[in-house]
Amino acid sequence: MASSATKANFGLSVFLFFTSTLALTTADPIPTPLPWPHQFHSVLFINRSGSLQKTDLWYDWPNGRNFNIIQHQLGVLKYDLEWNNGTSFYYTLDPFNHTCKIIHFDVGILRPNWLDGANYLGQEYADNFLCNVWEKVDFIWYYEDVITGRPVKWIFSSGMTAHVMTFEVGAVLEDAQWQAPVYCFGEVETQKKTSTSNPLLLDLEPAVLGGFPGMLMREIAHHAYAK
C-alpha cells in the first residue's frame, strides 16, 4: 500500500509540475502598441480643462508631413502644418485675420513607432471600449482598442484628453492642401525651437506643439522621464 501511495504522490507531483510549466510557457506575452499606419486621417475631440476643440489630424509619413486642422469651440480655425525637416507653420485663413508663425525644430514629425518602449499598464475600459493602456515618459497615456488595435483615447500629463472619433487608415489629403499661404513667406514671425536633450522627447516635441495637443510642449519641455 505504501508503495502505491508513493507512486500516486509522485505521479501527482509530476502532473502538477508539467501543468504549471505549461501555464508559464503559454502565458500571453505583454502587449505592445501597434505602430501608427504610415498614412491616416483621424478626427479628435480634445478637452483641456473644459476648453474644447476638434482636430482633423492628417498623418503622412512617406511624404514627411503631418497636418492638424484645429477648430476651437465657437472660435478660430487654426492650421498646424508640420514637415519632417523640422519646419512648422501655424496660420489662419479667411474669414479670420491672416496670421502666420513659423517655428523651426531640431527634429521632424513623429515616427510611426514612436510608442516603442512604452510601459504597459494593463487593460481598462475607455469610451466604452476595452483597451490596452500604455504610459510613456510620464507624458502620455495611450489607450488602444484590444480587438481592432485602433487608438481610442490619449491622456497627456497636463490633463488634456484626446478622444479618437474616426481613424481612417490609408486616407491621404491632396497635395494642394499642404501648401502654407503666401503670407507665411514674407515678413512673418519666425522662431527657433531648441529641443530638450532627451531623444524620446525630441521625437515627441514637434507633434505636441500647436494643437496636437495644443501648446502642451511648453509645459513639459523640461520634464525628465524615468526610463
Side-chain angles (χ1 to χ4, degrees), residues 29-46 53-70 79-89 105-124 126-127 129-158 160-175 177-178 195 198-214 216-217 220 225 227:
I30 296 176
T32 56
L34 291 179
W36 272 6
H38 283 198
Q39 293 174 314
F40 70 86
H41 170 238
S42 185
V43 174
L44 311 173
F45 281 124
I46 299 176
Q53 66 185 56
K54 178 179 80 75
T55 296
D56 276 275
L57 166 61
W58 296 89
Y59 181 75
D60 190 352
W61 175 253
N63 291 299
R65 56 195 186 182
N66 186 69
F67 205 178
N68 299 284
I69 305 172
I70 308 150
Y79 297 82
D80 166 14
L81 177 57
E82 304 165 354
W83 294 91
N84 216 15
N85 65 4
T87 302
S88 290
F89 298 89
F105 292 91
D106 294 339
V107 290
I109 66 173
L110 283 181
R111 298 188 294 265
N113 64 347
W114 66 276
L115 282 165
D116 282 1
N119 179 36
Y120 183 62
L121 302 179
Q123 294 186 346
E124 181 180 331
D127 298 338
F129 294 90
L130 180 62
C131 297
N132 287 315
V133 186
W134 293 269
E135 168 272 325
K136 190 150 191 183
V137 299
D138 294 325
F139 162 70
I140 185 171
W141 285 256
Y142 188 87
Y143 294 73
E144 181 184 274
D145 182 34
V146 168
I147 296 175
T148 65
R150 294 178 300 185
V152 172
K153 183 172 76 170
W154 311 323
I155 300 176
F156 298 90
S157 56
S158 68
M160 175 181 284
T161 301
H163 301 270
V164 181
M165 306 303 294
T166 67
F167 195 73
E168 305 169 80
V169 175
V172 181
L173 186 65
E174 54 270 24
D175 286 339
Q177 300 299 317
W178 295 88
S195 302
N198 185 300
L200 179 57
L201 289 181
L202 288 180
D203 191 32
L204 295 172
E205 196 163 17
V208 300
L209 185 67
F212 181 51
L216 183 60
M217 175 47 67
I220 65 145
Y225 71 95
K227 296 179 182 180

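Below, all heavy atoms of this structure are taken into account, side chains as well, without hydrogens, waters or symmetry copies.
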For this session: Looking only at non-hydrogen atoms, find the nearest pair between E144 and L34 and report the distance.
Result: OE1-N, 3.0 Å
Exercise. How are the rings of W36 and Y59 set relative to one another: parallel (under 30°), tilted (30 to 60°) or perpendicular (over 60°)?
Worked result: perpendicular
Problem set entry | Interatomic distance, F156 atom CZ to I140 atom CD1 [nearest 0.5 angstrom] | 4.0 Å
Problem set entry | Distance in Å, L44 CG paired with W154 CH2, rounded so as to fall on 0.5 Å steps | 5.0 Å
For this session: Using a 4.5 Å cut-off on heavy atoms from C-beta on, say whether the side chain of D116 contacts that of R111.
Result: no
Exercise. Would a distance-only check, ignoring hydrogens and angles, find a side-chain to backbone donor-acceptor pair under 3.5 Å from K136 to W114?
Worked result: yes
Exercise. Residues two or more places apart in sequence or in another chain: which of them pass ring pair (Phe, Tyr, Trp, His ring centres under 6.0 Å) with F45?
Worked result: none
Problem set entry | Closest approach of W83 to L81 (non-hydrogen atoms, all atoms of both residues) | NE1-CG, 3.5 Å
Problem set entry | Parallel, tilted or perpendicular: rings of W61 and H38 (30°, 60°) | perpendicular
Problem set entry | Under the ring pair (Phe, Tyr, Trp, His ring centres under 6.0 Å) test, residues paired with F167 that sit two or more places apart | F40
Problem set entry | Minimal non-hydrogen separation, N84 against G108, with atom names | OD1-CA, 3.2 Å
For this session: Report the relative orientation of the aromatic rings in Y120 and W134; use parallel for angles under 30°, tilted for 30 to 60°, perpendicular for over 60°.
Result: tilted
Exercise. Nearest heavy-atom pair of V146 and N132: which atoms, and what distance?
Worked result: CG2-N, 3.6 Å
